[in-house]
Chemist: 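Below you will find the structure I want to go over with you.
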Amino acid sequence: MNERFAASARLLPDYLSQHVLLSAAALVLGFLVSVPLVVAASHNARVRWPVLGFASVVQTVPSLALLALFYPLLLALSSASKHVFGHGFSALGFLPSLLALTLYSMLPILRNGVTGLTTLDPAVIEAARGVGMTNRQRLLRIELPLAAPVLMAGVRTAAVWVIGGATLSTPVGQTSLGNYIFSGLQVEDWVSVLFGCIAAVALALVADQLLGLIEVGVARRRPVKIWFGVGLLVAGVAAAGAASLASGSRSSYVIGAKNFAEQYILAAVMTDRIKKEGYSSTARVDLGSVIAFRALASNGIDAYVDYSGTVWSTVMNRHDSLPRLQMLDEMRVQLRRDHGVLLLGALGFENAYALAMRRDRAEALGIRTIADLAQHSPDLRIGGDFEFFARPEWRALRDRYGLRFRQQRQFQPTFLYRAATSDEVDVISAASSDGRIKAYDLVVLEDPQQVIPPYDAIVLVSPARAGDPVLRRALEPLVSAIPIDLMREANYMVDRDTNRTQPGKAAQWLESAIHLN
Amino acid sequence: MISFQHVSKSFDGGRDFAVRDVTFSVAPKAFVVLVGDSGSGKTTLLKMINRLIEPDQGAVSVAGEPVQSVAAFSLRRRIGYVFQGIGLFPHMSVAENIGITPLLLGWPKPEIAARAAELIDLVELPRSYLTRMPSELSGGQQQRVGVARALAARPSIMLMDEPFGALDPVTRDTLGSEYRRLHESMELTTVMVTHDVMEAVILGDRIIVVRQGEIVADGEPNELLVEHPDAGVRALMDMPRRQAERVRILMQERTQRE
Ligand SMILES: Nc1ncnc2c1ncn2[C@@H]1O[C@H](COP(=O)(O)OP(=O)(O)O)[C@@H](O)[C@H]1O
Ligand SMILES: [Mg+2]
C-alpha cells in the first residue's frame, strides 16, 4: 500500500504538470474564442441560436468520443499539411486533447456570457447611449464589466469540466492525471486509480476556488481579489510549465505502450535498456491499439511493441494467413516501404487471441478444440474484451467453426477472467501470454484449422529512429530473448489478485530472468 | 435652437404612427414641457432630438444644423439627457458617473475631477458622496446625480424624460424647482416630458400637449389654463385649476373660522 502510494506520488509532478498545462491552455483558448462569439450572439439573435445550439450539441457528445474524433481529423489535416508544406504535425497527444477540451469549455462560457449580456438593465444601456458612448465604448465600459461576474461564473464551470475531461486525454496519448486512472484500472491498482481521482478533484477544487475569488473580485470590484486570484493561477501554470520543461528536456526517447500489463512491462524494460545506454527515456502508456501505430509512423513515439497479427490485419489490411516467418518477412518489407517503420525483430513469444474455458467445465463437456466448442456453443455464453467482437479474428473463428453462442458479453479485460471463474460466462477471449490463464486454471482451446494468424510480439521503431544506433544497441538484445513462460510469469506478477507488483518491478524481474541485468 | 419639420415616426412600418407630421421649434433658453397620455409619443419626440430614435420622415435640427450632420455619439455628448429610469452605471462611483461624458470627450483628469466636485455642490449633495456607489444612494439622491451627469459636459440643451416621475411628491417638487433654478442660472434650453400637468404648469414656460403622435395644443401655461377649443386639452388643463381651486377654498374656510 505504502509502496504503491509512493510509486504514484513519484509520477505526480509529470502527470499533474501535463494536466495543468493542458487544462489551462484549453480554458484560455476556449475563453478567447468564446468572448467574441458571446458579443456577437448577444447583439444578434440570428447568431445567438446557432452558436448556443452548436455548443449544446458539442456538450452532448461524450467527451471521450470527442477526443477520439479529433484524432483522425488531425491526422487528415497533418497529412494534408505534409502534402502542402512538406511537414506534418503530431496528430496525437496534446493537439487533439486541446481542441476537444476547448470545444468542451465553450458552452458554459457562451451560455453565461450571453445571459449576462442580454439581461442587463435596459435603463443602463440607454444611459450609456445617452451620454454619448460609441458601440465599442458601451461594450467595453458598460456591458462587459456588468456581465463579467456572470461570465466568470461560466468560466468556473468550464474549468471544472475541463479539468475533469482532461483525464480522458490519456488514451489519445496525452499524459494527464488520467494515466493513474487508466493504468490503474488495467492492472487493478486501486491505489493508483484513487490517487488519480483525488488529484483531479483536488486540482478542480483549487482552480474553482481561485476563479471564484476572481469572480467575487469582479462582482464587487475588488482589484486586490482579482489580482490575487489571477496571480496564483498564473503561478500555478508557470510552475507546471517549468516542471514539464524540466521533464521534457530530460527525455530524449519516448517508448509507447498500449493499455495492458504486458505492454507496461515491456515499455518499462525498453526505457530501462535505453537508460542503461546513458540516455533518458520515458514511456507514453495507455495508447489506443491503432493510435499506437499511427503515433509511431508519425514519429510521435520512438518505439513500441505490437503483435504481428494485429499489424497484419489493422495496418496492412491483410486477411489471408501465411506461415509465421513468411508473414514476418513480408511485414518487415511492407512496413518499411509504406510507413518507413522498422520492424526490429520478434521478442520470442506470441500473444495471440485465444478462446479459453475453465478446466473443469471443459473437461465435463469434453471440449478440447474450438471445433468441439462449436457443437456446444448454442448452450454457452461467451465474454470478450471491448475489441474482440469487432475484430476480424472473431468473425473468422465464428464463421469457420460455426460458433453461435447463447449470449455474448463485453468486459473490461480485468473483469473478463473473473467472469470466467465466477461462471458469469462459459468461454472468454484470452491472450495467450496472459499469466492468469495458468493462475485461474483455464484451458486454451486448440485451433485445428489455424484460423487465428500468428501474434508474435514485435518491436517496431519509428521512421525517424530507424537508423538510430542507441535504440538499436538498447533494443536488439531483446530480440528472440523472451520466452512465453517468462512473459506469462511477469504478466501474472502485475495481474494477479493479491500481492501485486508494479509493472516497473516486474520489468526488472524479467530483465534479470533473461540475463540482461 | 431645436426644430422639427414635418417629422413622422412609425415603429411598425407605417400602420401606426408614434409621431405624425409634427412641426415645432424651441427657442434658446426656453423651458418647454411635453404633456400627454402614456403612449402619446412624448418620449419618441424627445429621443429624436439626440438621435436615440431616428425619424422616418421630416427633419430635426439642433442649433441650425440637421442632427444627421454629425455622428450620433458626438451629438449626444453635446446634449444632456435625464430620464425616469435614471440609469446610473452601477459599477462606477458617483464621481465616475458624473465625469463620464467629459471623459469620453477627452478632458484632462484633474479637470474632470474638479467638474464633478462643482456639480455635486450644484445638485446639493455632500462632496463625500463622490466616492459612493449608486446603490448607496436614495432614489432622490440618485436622480440628483443623474442631473449632474447630464450637465457635466456643459451642454446648452437638456432633455428630460419624466425625470422625477418615480420620486415621492415632496422630493419631486424640491428637485423640480431646484432644476428650474439651474435652468435659469446656466441659461439652458430644456425640453421636459411629464404626465404630471401640475408639474408642467409650475415648471414650464411653454406647454405642448401631445395626443396620438400629434400636437393638439401649444402655448404658455396661463394661455392653456383659460378656455381651450379642444375638449381633451380643456379636461387636461382643468385638473391643476380644480386642484388649485380646492386648495384655495380650503384655505378660505380656515381663515373664516379664525
Ligand atoms: N422601440 C419601440 N418599438 C415599438 N414601438 C414603440 C417603441 N417605442 C415606442 N413605441 C410605441 O410608440 C408609441 C409612443 O410611445 P412613447 O413615445 O414612448 O409614448 P409616451 O412617452 O408618450 O408614453 C406607443 O404606442 C409605443 O408603444
Ligand atoms: Mg415616455
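Naming: A, B, ... by sequence-line order, numbering from 1 per chain. In what follows, every heavy atom counts, from backbone to side chain, and hydrogens, waters and symmetry copies are set aside.
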Chemist: B/Arg149 versus chain A, heavy atoms under 4.5 Å apart: side chain, backbone, both or neither?
Modeler: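 Contact with chain A involves the side chain of B/Arg149 alone.
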
Chemist: Looking at every non-hydrogen atom in both residues, tell me the closest pair between A/Ala127 and B/Gly87 and how far apart they are.
Modeler: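 For A/Ala127 versus B/Gly87, the nearest heavy atoms are CB-O, 3.1 Å.
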
Chemist: Let me confirm one number: the CD1-CG distance from B/Ile86 to A/Asp121, rounded to the nearest 0.5 Å.
Modeler: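 Here the interatomic distance stands at 10.5 Å.
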
Chemist: CZ of A/Arg156: more than 12 outside heavy atoms within 6.0 angstrom?
Modeler: yes

Chemist: Any idea which heavy atoms bring A/Gly130 and B/Leu52 closest together, and the distance?
Modeler: N-CD2, 4.2 Å

Chemist: State whether the number of non-hydrogen atoms from other residues, nucleotides or ligands found under 6.0 Å of B/Asp37 atom CG is greater than 12.
Modeler: no

Chemist: What part of B/Leu159 lies closer than 4.5 angstrom to a heavy atom of chain A: side chain, backbone, both or neither?
Modeler: neither

Chemist: If you compare all heavy atoms of A/Arg141 against all heavy atoms of B/His91, which two are closest, and at what distance to 0.1 Å?
Modeler: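 Smallest heavy-atom distance, with atoms named: O-NE2, 2.7 Å.
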
Chemist: Where on A/Leu146 is there a heavy atom nearer than 4.5 Å to chain B: the side chain, the backbone, both, or neither?
Modeler: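 Just its side chain gets close to chain B.
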
Chemist: Answer yes or no: are there more than 12 heavy-atom neighbours, outside A/Phe228 itself, under 6.0 Å from its atom CZ?
Modeler: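 No, the 6.0 Å shell around CZ holds no more than 12 heavy atoms from other groups.
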
Chemist: Determine the minimum heavy-atom distance between B/Gly85 and A/Ala123, stating which atoms define it.
Modeler: O-CB, 4.0 Å

Chemist: Given A/Val131, which partner from the list B/Thr101, B/Ile79, B/Asn97, B/Leu103 fulfils the side chain to side chain contact (heavy atoms under 4.5 Å, CB included) test?
Modeler: B/Thr101

Chemist: A/Glu126 versus B/Phe83: any side-chain heavy-atom pair under 4.5 Å?
Modeler: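 When only atoms from C-beta onward are counted, B/Phe83 and A/Glu126 do touch, with a gap below 4.5 Å.
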
Chemist: Check whether B/Tyr81 gets within reach of chain A through its side chain, its backbone, both or neither, counting any heavy atom under 4.5 Å.
Modeler: side chain

Chemist: State whether the number of non-hydrogen atoms from other residues, nucleotides or ligands found under 6.0 Å of B/Phe24 atom CZ is greater than 12.
Modeler: yes

Chemist: For residues A/Gly132 and B/Arg76, report the shortest heavy-atom separation together with the two atoms involved.
Modeler: CA-CB, 3.8 Å

Chemist: Report the distance from atom CZ of B/Phe89 to atom CE of A/Met133, rounding to the nearest 0.5 Å.
Modeler: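 Result: 4.0 Å between the selected atoms.
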
